[in-house]
Amino acid sequence: MPVNDHGNDNGRARAVTIRDVAARAGVSRQTVSRAINGKGEISAATRERVLAAVRALGYRPSSIARGLKTSRTLTIGLVVPDIANPFFAEMARGAAAVAHREGYGVLLCNTDEDSTQEWAVLRLLEDHRVDGLVLCSSRLDEDSLSAAVARWRPLVLVNRSPAQALPGLGAVRVADCESARQVVRYLHGLGHRGIAFVGGTGASHSSRARREGYRAGLAELGLAGPAAWVADAAPTVEGGRIAAAALLRQQRDISALIAFNDLVAVGCLQACQSAGLAVPGDVSVVGWDDIVFAPYLSPPLTTVRLPKQELGARAMALLLALLGEADQTPEPLELPGELVVRQTTGPGPGPMHVSMKPEEA
């Protein structure tokens, strides 16, 4: 419990210190430190007397003071671009579970998709002396990311590939390009030929990879989709609504929309509804991520399921391994996506070649 100190403003209790524990146990502060840390030559009786004083007073060693001695703070910085996006919330949950199991705390920071704020957050975490960083879907440009990698290691990048392999630097990503090709092949098999891509911002490397896979999929099938079938969009519901509405208004041949993420896909559904187009009767829509509410939309959303919690867990486990072996240069880890067919996709105007049953409820 706190020690009363009426000399403080408003009579508030002050925090218990190692001096208080030493006084109660009748030993020196050095002996208290040895007992708490399990180091040094002290008798079992003395150690138990000190620990009893710790329990009675509710003493908690300062992580800052402990860090000064061990060069570790047992805290990890976890940086995400948009914590309101359920994808990053689930990923952070997986990362935090691994960290907490290994005795580490997590400082979660949100950058609001802003590269300037992202750099400021990294500096803030440096000031807090975190032991390592997990940087998710970084919006930094290549030069800034290289500077961050040079300055802050150990570091694990999520959904971003490093420019070069370096000791203390790891990377975990999803197979965005191949998943996008799979989506294009699936829609083509349903008879769709006017397949558009409603993408994220240029700062998103996941968006670039998905767009690359989309174009590669069209090329493999002999569908040279015009540039007008691709629209940039903020990675939000409103961003998807605006971009999809413009595409549908300008390109009458579009019968399917591939959205950068599920939030953008919801915006696509709204745009179709506003334009009087039925989903999937007139336009099919495919999302990305399979966030928690995707199966509960009306109609339930066909989407690419990503292993969100596993992605965070793998990244955190890799970072903790790098803390133990700073000279390690791990190979990038890639996790697959899975197309989950629900009810926002259906036959297109062309001939059908495949049929996939919707996911059962």
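Please read all numbers here as calculations on a predicted model, not as lab measurements.
No more than 12 heavy atoms of other residues, nucleotides or ligands shown are found within 6.0 angstrom of CZ on Arg123. Within a 6.0 Å radius of CD in Glu331, other residues, nucleotides and ligands contribute 12 heavy atoms or fewer. In this structure, Asp141 places its CG atom where more than 12 heavy-atom neighbours from other residues, nucleotides or ligands lie under 6.0 Å away. Atom CG of Asp327 has 12 or fewer neighbouring heavy atoms from other residues, nucleotides or ligands inside a 6.0 Å radius.
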Leu187 and Ile258: side chain to side chain contact (heavy atoms under 4.5 Å, CB included), yes or no, with the steps? CA-CA 9 Å; Leu187 291 170; Ile258 301 175; 3.7 Å; yes
Using the side-chain hydrogen bond (donor to acceptor under 3.5 Å, both in side chains) rule, take Ser138 and Glu118 through it: C-alpha gap first, then chi angles, then the decisive distance, then the call. CA-CA 8 Å; Ser138 175; Glu118 183 175 336; 2.5 Å; yes
Starting from the C-alpha separation in whole Å, work towards a yes-or-no answer on side chain to side chain contact (heavy atoms under 4.5 Å, CB included) for Ser255 and Arg193. CA-CA 7 Å; Ser255 65; Arg193 301 297 180 264; over 6 Å; no
Go through the steps to decide whether Leu263 and Ile291 satisfy the test side chain to side chain contact (heavy atoms under 4.5 Å, CB included), and finish with yes or no. CA-CA 9 Å; Leu263 298 180; Ile291 58 179; 3.9 Å; yes
What's the verdict on side chain to side chain contact (heavy atoms under 4.5 Å, CB included) for Val304 and Asp290, showing C-alpha distance, side-chain angles and the deciding distance? CA-CA 6 Å; Val304 177; Asp290 196 24; over 6 Å; no
Test side-chain hydrogen bond (donor to acceptor under 3.5 Å, both in side chains) on Ser284 and Thr345 and set out the steps. CA-CA 4 Å; Ser284 288; Thr345 48; 5.4 Å; no
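Considering only heavy atoms from C-beta on, Gln251 comes within 4.5 Å of Ile254 through its side chain. Using a 4.5 Å cut-off on side-chain heavy atoms (C-beta onward), Leu320 and Tyr104 make contact. Side-chain contact between Val158 and Leu135 is absent, with no heavy-atom pair separated by less than 4.5 Å. Contact annotation: the side chain of Thr302 never approaches that of Val285 to less than 4.5 Å [non-hydrogen atoms, C-beta and beyond]. Side-chain atoms of Val198 and Cys268, non-hydrogen and from C-beta on, do get closer than 4.5 Å to each other. Looking at heavy atoms from C-beta onward, Pro300 lies out of side-chain contact with Thr344 at the 4.5 angstrom threshold. Residues Tyr59 and Asp20 are not in side-chain contact: their nearest non-hydrogen atoms beyond the backbone lie 4.5 Å or more apart. The side-chain heavy atoms of Arg173 and Leu335, taken from C-beta on, include no pair separated by under 4.5 Å.
Leu122 is not connected to Phe88 by any chain of hydrophobic side-chain contacts under 4.5 Å among Ile, Leu, Val, Met, Phe, Trp and Tyr, and they are in different clusters. Transitive grouping of hydrophobic side chains (ILVMFWY, heavy atoms separated by less than 4.5 Å) keeps Val79 and Leu108 in distinct clusters. With hydrophobic clusters built from ILVMFWY side chains whose heavy atoms lie under 4.5 angstrom apart, Val80 does not share a cluster with Leu145. A continuous path of Ile, Leu, Val, Met, Phe, Trp and Tyr side chains, each step under 4.5 Å between heavy atoms, connects Ile18 with Val54, placing both in one hydrophobic cluster. When hydrophobic clusters are built by joining Ile, Leu, Val, Met, Phe, Trp and Tyr residues whose side-chain heavy atoms come closer than 4.5 Å, directly or via intermediates, Val121 is not grouped with Ile83.
Taking each heavy atom of Thr303 and Val286 in turn, the nearest pair found is CA-CG1, 4.2 Å. Of all heavy-atom pairs between Tyr214 and Ala196, the closest is OH-CA, 3.7 Å. Across all their heavy atoms, Ala165 and Thr329 have their closest contact at CB-CG2, 3.8 Å. For Val264 against Pro235, the heavy-atom pair with the smallest separation is CG2-CA, 3.8 Å. The shortest non-hydrogen separation linking Ala171 to Pro162 is CB-CD, 3.7 Å. Of all the heavy atoms in Ala148 and Leu140, the pair that sits closest is CB-CD1, 4.2 Å.
Separation of atoms CG (Leu157) and CG (Leu169) is listed at 5.5 Å; rounding is to 0.5 Å. For the atom pair CD of Glu310 and CG of Leu333, the computed distance is 8.0 Å after rounding to the nearest 0.5 Å. Atom CG of Asp262 and atom CH2 of Trp288 lie 10.5 Å apart (nearest 0.5 Å). Distance CD1/Ile76 to CE/Met316: 5.5 Å, rounded to 0.5 Å. The distance from atom CG of Asp82 to atom CD of Glu113, rounded to the nearest 0.5 Å, is 5.5 Å. Atom-to-atom distance recorded for Arg153:CZ and Leu133:CG is 12.0 Å, nearest 0.5 angstrom.
Judged by distance alone, with hydrogens and angles left aside, the side-chain atoms of Arg241 form no donor-acceptor pair with the main-chain N or O of Gly267 at under 3.5 Å. At least one donor-acceptor pair under 3.5 Å links the side chain of Ser179 to the backbone N or O of Ala175. A distance-only check finds no donor-acceptor pair linking the side chain of His100 to the backbone of Ala95 [under 3.5 Å]. Under the 3.5 Å distance criterion, the side-chain polar atoms of Asp289 are left unmatched by any main-chain donor or acceptor of Phe87. At distances below 3.5 Å, not a single donor-acceptor pair connects side-chain atoms of Thr46 with backbone N or O atoms of Ile42.
Of the listed residues (Arg139, Arg210, Arg160), just one forms a side-chain hydrogen bond (donor to acceptor under 3.5 Å, both in side chains) with His205, and that residue is Arg160. When the options Thr111, Leu78, Asn159 are evaluated for a side-chain contact (heavy atoms from CB on, under 4.5 Å) with Cys136, the one that passes is Leu78.
Between Arg305 and Glu90, none of the side-chain N atoms (NZ, or NE/NH1/NH2) sits under 4.0 Å from a carboxylate O, so this pair counts as no salt bridge. With respect to Asp176 and Arg211, no salt bridge is recorded, no charged nitrogen being found less than 4.0 Å from a carboxylate O. The pair Arg181-Glu212 does not meet the salt-bridge criterion, since no charged nitrogen lies less than 4.0 angstrom from a carboxylate oxygen. Under 4.0 Å is where a charged nitrogen must lie from a carboxylate oxygen, and between Arg55 and Glu48 at least one such pair does.
Ser206 and Ser204 form no side-chain donor-acceptor contact under 3.5 Å, judged by distance and modelled atom types alone.
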